[in-house]
Undergrad: 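Dropping a structure here in structure tokens format, bear with me for questions.
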Amino acid sequence: MLERIEAIRAEAAGAIEGAGSSAELEELRVRYLGRKAELTGVLRGIAELPQEERGQVGGAANRARKELEALLEQRAEALDATELEAQLVTDRIDVTLPGAPPRPVGHPHLIARTTRLIEDTMVGLGYHVAEGPEIEHDYYNFTALNHPPGHPARMLQDTFYVQSHPDVLLRTHTSPMQVRSMEAKPPPIFVVVPGKVYRRDSDATHSPMFHQVEGLAIAAGLTLADLQGTLLAMCRALFGGDRELRLRPHFFPFTEPSVEVDVSCFQCGGRGELAGGERCNLCKGQGWIEILGAGMVDPNVLGFVEPHGYDPEQVQGFAFGIGVERVAMLRHGVPDLRRFFDNDVRMLEQFS
Ligand code: PHE
């Protein structure tokens with residue numbers, strides 16, 4: 001019996017050493033140590049052996065089983081490692097291969113690019129960029145901006161209100177961020193605010209959603225001349241280095257005085273007529289193009305943020321709001337503002 005056990009052990013050990021895969025190894029485990037294996041049968045039959053043989057046979061069979069178990073484990077580890085290695089080689093992914101099918105690289109929308117251009121210009125002048133909520137409180141959009149009750153902009157036909165909350169609306173301009181910015185930081189403050197605004201308007205030059213960039217500068221001693229110089233720098237960056245500005249008196253509830261700003265026409269150079277003598281179609285013969293609204297921040301507005309450090313006797317400043325679509329249309333000769341939002345790639349691809 002002892003010889004038989006030794007013969008099984010030797011045969012099994014050899015087979016395990018020679019196993020070439022984990023599957024083969026598993027077969028050997030079943031063959032030599034499984035329920036129907038000869039060695040298992042020997043171990044199960046020990047109790048029936050004569051008393052004097054039990055100790056020796058039992059010991060030898062148990063040792064053989066333990067040894068084979070250990071060998072199986074070793075071999076399994078070795079095989080696992082080589083199999084993993086092989087798999088890693090064959091499963092290699094080439095991350096440098098282009099995706100299938102390769103997609104053309106996109107580019108920012110013209111509105112995003114124009115916004116960025118305005119931001120970059122103002123950052124160059126020392127301004128910070130901030131963004132604010134498009135869903136706004138009546139307080140920030142109107143009240144704190146000195147819009148008296150009954151102001152037309154407050155009316156239903158001009159503004160989108162949230163039905164269940166009569167004091168909540170889609171902001172009609174980026175100016176609410178003047179107030180929010182001043183609440184957030186004491187003077188001096190120099191900030192530009194790009195963003196979407198909403199009005200009940202729709203035609204070739206108006207869309208219910210459009211983009212503005214707001215500018216706000218508050219510090220001790222700022223004057224209308226500072227506003228003029230700042231806007232001149234901005235307009236020259238947008239429309240060419242030899243542009244001139246013209247300020248016309250206007251009205252906004254939150255600036256005093258208020259101005260509308262025209263830039264000299266960059267198609268006819270401000271002459272109103274083209275080289276051949278015909279009327280300039282861009283400025284309609286005027287020589288000037290209306291480009292934005294601005295003004296000195298009304299002390300009443302500062303009054304709303306006085307607890308945040310804005311004493312109208314100590315600081316003053318200016319604000320402006322410029323329409324991004326209008327700038328983009330002028331710079332690129334886009335005839336209809338609605339084309340920006342039609343998502344027609346033939347149109348969008350022209351501005352890559
Ligand atoms: N918020 C004004 C508008 O949308 C523009 C503006 C901004 C005017 C800042 C003056 C100062 O028409």
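All ligand and atom numbering here is 1-based and tracks the order in the structure. As a basis for the values below, the full set of heavy atoms in this structure was taken, side chains included, without hydrogen atoms, waters or symmetry mates.
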Undergrad: Quick check: T172 and ligand 1, any N/O pair under 3.5 Å apart?
TA: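 Among all N and O atoms of T172, none is under 3.5 Å from an N or O of ligand 1.
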Undergrad: Hey, which atoms in ligand 1 end up nearer than 4.0 Å to a heavy atom of Q178?
TA: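 Numbered from 1, ligand 1 contributes 9 (C).
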Undergrad: Distance to the ring centre below 6.0 angstrom and angle to the axis at most 45 degrees; does that hold for R180 and Y140?
TA: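 The answer is yes; both the distance and angle limits are met.
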Undergrad: Any N or O on T255 sitting closer than 3.5 Å to an N or O of ligand 1?
TA: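 Looking only at distances, the answer is no, because the N/O contact criterion of under 3.5 Å is not met.
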Undergrad: Does some side-chain heavy atom of Y32 sit less than 4.5 Å from a side-chain heavy atom of I16?
TA: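 A side-chain contact under 4.5 Å is absent here.
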Undergrad: Name the orientation class of the two ring planes belonging to H250 and F252 (parallel below 30°, tilted from 30 to 60°, perpendicular beyond 60°).
TA: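 Because their plane-to-plane angle lies in the 30° to 60° range, the rings of H250 and F252 count as tilted.
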Undergrad: I'd like to know if the side chain of R338 and the backbone of S207 have a donor-acceptor N/O pair within less than 3.5 Å.
TA: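 Flag not set: sc R338 to bb S207 has no pair under 3.5 Å.
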Undergrad: Looking at G293, which atoms of ligand 1 are within less than 4.0 Å of one of its heavy atoms?
TA: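 Counting atoms of ligand 1 from 1, those under 4.0 Å from G293 are 6 (C), 8 (C), 10 (C).
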Undergrad: Taking side chain as C-beta onward, heavy atoms only, is D158 less than 4.5 Å from P152?
TA: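 With C-beta onward as the side chain, the pair touches.
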Undergrad: Out of M296, R199, E214, who is nearest to atom 3 (C) of ligand 1 when you count heavy atoms only?
TA: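 The option holding the nearest heavy atom is R199.
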Undergrad: Would E244 and R236 count as a salt bridge (Lys or Arg N to Asp or Glu O under 4.0 Å) here? Give the steps.
TA: CA-CA 8 Å; E244 293 300 338; R236 286 186 171 171; 3.0 Å; yes
Undergrad: Could you list which atoms of ligand 1 come closer than 4.0 Å to a heavy atom of G321?
TA: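 Those atoms are 6 (C), 7 (C), 9 (C).
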Undergrad: Go through ligand 1 atom by atom and flag the ones less than 4.0 Å from a non-hydrogen atom of Q212.
TA: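 Numbered from 1, ligand 1 contributes 3 (C), 4 (O).
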Undergrad: Please check: side-chain N/O of R248 versus main-chain N/O of E260, any donor-acceptor pairing under 3.5 Å?
TA: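 Pair absent, no side-chain N/O of R248 close to backbone of E260.
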Undergrad: For the CD atom on E313, are there more than 12 heavy atoms of other groups (residues, nucleotides or ligands in this structure) within a distance under 6.0 Å?
TA: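 At most 12 heavy atoms, drawn from other residues, nucleotides or ligands, come within 6.0 Å of this atom.
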Undergrad: Between F254 and ligand 1, which part of the residue brings a heavy atom under 4.0 Å of the ligand: side chain, backbone, both or neither?
TA: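 Side chain only.
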Undergrad: Between F320, F252, F251, F210, flag the one that comes closest to atom 8 (C) of ligand 1 by a heavy atom.
TA: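 Of the listed residues, F252 has the closest heavy atom.
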Undergrad: Would S175 count as being in polar contact with ligand 1, using the rule that some N or O on each side must be under 3.5 angstrom apart?
TA: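 The answer is yes, given that S175 and ligand 1 share an N or O pair closer than 3.5 Å.
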Undergrad: Out of all atoms in ligand 1, which are within 4.0 Å of some heavy atom of A319? Include the element for each.
TA: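 So the answer, numbered in order with elements, is 9 (C), 11 (C).
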